[in-house]
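Notes to accompany the following structure.
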Amino acid sequence: CYLFGFSLICFNYSWISVSVTNFSNLPQILAWACVGGYALISATPFWLLGYAVALFRKHYSKVWIFLIPGVQVALEQLWPDLFPYYHGALMYRSLEIWQFASIFGVTSISYLIFLINALLSEILIYHRRAPCLKPKSIYIQLGLCCLLMSGVVGFGFWRLQKLESDFKN
């Protein structure tokens, strides 16, 4: 997880090396060293999340998929970062889902993204290799996630229609 976070941050913030080179006297190699140093420090939450997944799967096998998104939201809120970033912000183009941010903030959408990813990873990858859940538990979790997402999307449709009608009046 740490290597993934490190490479993600290096590539996402590669523009910093161009800015450092253009606006300072540092050579390109030192500019990339700055980006790499930033990525070394900023990738720590990815490691913590990966460690939490392993720990929670082992000790809380039936509810880990509901706990891990909470860890991610806590890391988004508590980890000091030069460029604050919330994974839920990725959903800004999906207006129906984005409406949910008006209730609990953008971190609630981060929670949903990580919840669905945790569920899919449990279903698609880990359940076949080392099943820690019985199929009944998987179906219950899948049902809860579908119910939650249906509620979020349903609320989004309702709120968009209400906003449109309020705007017309």
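In this structure, OH in Y60 is found 7.5 Å from CG in L55, a value given to the nearest 0.5 Å. In this structure, the separation between CZ on F46 and CG on L8 is 5.0 Å, given to the nearest 0.5 Å. Separation of atoms OG1 (T44) and CZ (F6) is listed at 11.0 Å; rounding is to 0.5 Å. The structure places CD of Q72 at 10.5 Å from CG of N117, a figure rounded to the nearest 0.5 Å. Remark: M149 CE to L119 CG distance equals 11.5 Å, nearest 0.5 Å. If you take CD1 on I109 and CG on L115, they are separated by 13.5 Å, rounding to the nearest 0.5 Å.
In plain terms, the two heavy atoms of V71 and A52 that are nearest each other are CG1-CB, 4.2 Å. In plain terms, the two heavy atoms of P45 and L75 that are nearest each other are O-CD1, 3.5 Å. Shortest non-hydrogen contact noted between F56 and W64 is O-CB, 3.6 Å. Closest approach of V35 to S17, counting heavy atoms only: CG2-N, 3.7 Å. Residues A39 and C10 approach most closely at CB-SG, 3.6 Å, considering heavy atoms. For the pair S108 and G105, the tightest heavy-atom approach, listed with the atom from each and the gap, is OG-O, 2.6 Å.
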Legend entry - Full working for side chain to side chain contact (heavy atoms under 4.5 Å, CB included) between F167 and L163: CA-CA 6 Å; F167 182 69; L163 290 173; over 6 Å; no
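Taking the side chain as every heavy atom from C-beta outward, I97 and V153 approach each other to under 4.5 Å. P69 places none of its side-chain heavy atoms less than 4.5 Å from the side chain of L112. Counting only heavy atoms from C-beta outward, the side chains of W98 and V106 approach each other to under 4.5 Å. At a threshold of 4.5 Å between non-hydrogen side-chain atoms, the residues I16 and C34 do not count as touching. Side-chain contact between R57 and I68 is absent, with no heavy atoms from C-beta onward closer than 4.5 Å. Taking the side chain as every heavy atom from C-beta outward, W32 and S14 approach each other to under 4.5 Å.
Taken together through direct or relayed side-chain contacts under 4.5 Å among Ile, Leu, Val, Met, Phe, Trp and Tyr, Y38 and L26 form part of one hydrophobic cluster. Under the 4.5 Å side-chain heavy-atom criterion for grouping Ile, Leu, Val, Met, Phe, Trp and Tyr, F11 is not connected to Y2 through any hydrophobic cluster. Cluster annotation: V20 is not connected to I41 through the hydrophobic network of ILVMFWY side chains, with a link wherever side-chain heavy atoms come within less than 4.5 Å. A continuous path of Ile, Leu, Val, Met, Phe, Trp and Tyr side chains, each step under 4.5 Å between heavy atoms, connects L144 with F114, placing both in one hydrophobic cluster. A single hydrophobic cluster is not seen to contain both I113 and L147; linkage of ILVMFWY side chains at heavy-atom distances under 4.5 Å, directly or through other members, places them apart.
Checked by atom type and distance alone, the side chain of S7 pairs as donor or acceptor with a backbone atom of F4 at under 3.5 Å. Put simply, the side chain of Y111 gets close to the backbone of F66: a donor and an acceptor are under 3.5 Å apart.
For L78, the CG atom is densely surrounded, since the number of other residues' heavy atoms within 6.0 Å is greater than 12. N25 CG: 12 or fewer foreign heavy atoms inside a 6.0 Å radius.
Using cut-offs of 30° and 60° on the angle between ring planes, the pair W158 and F155 is tilted.
Between the side chains of E76 and S110, at least one donor-acceptor pair of N or O atoms lies under 3.5 Å.
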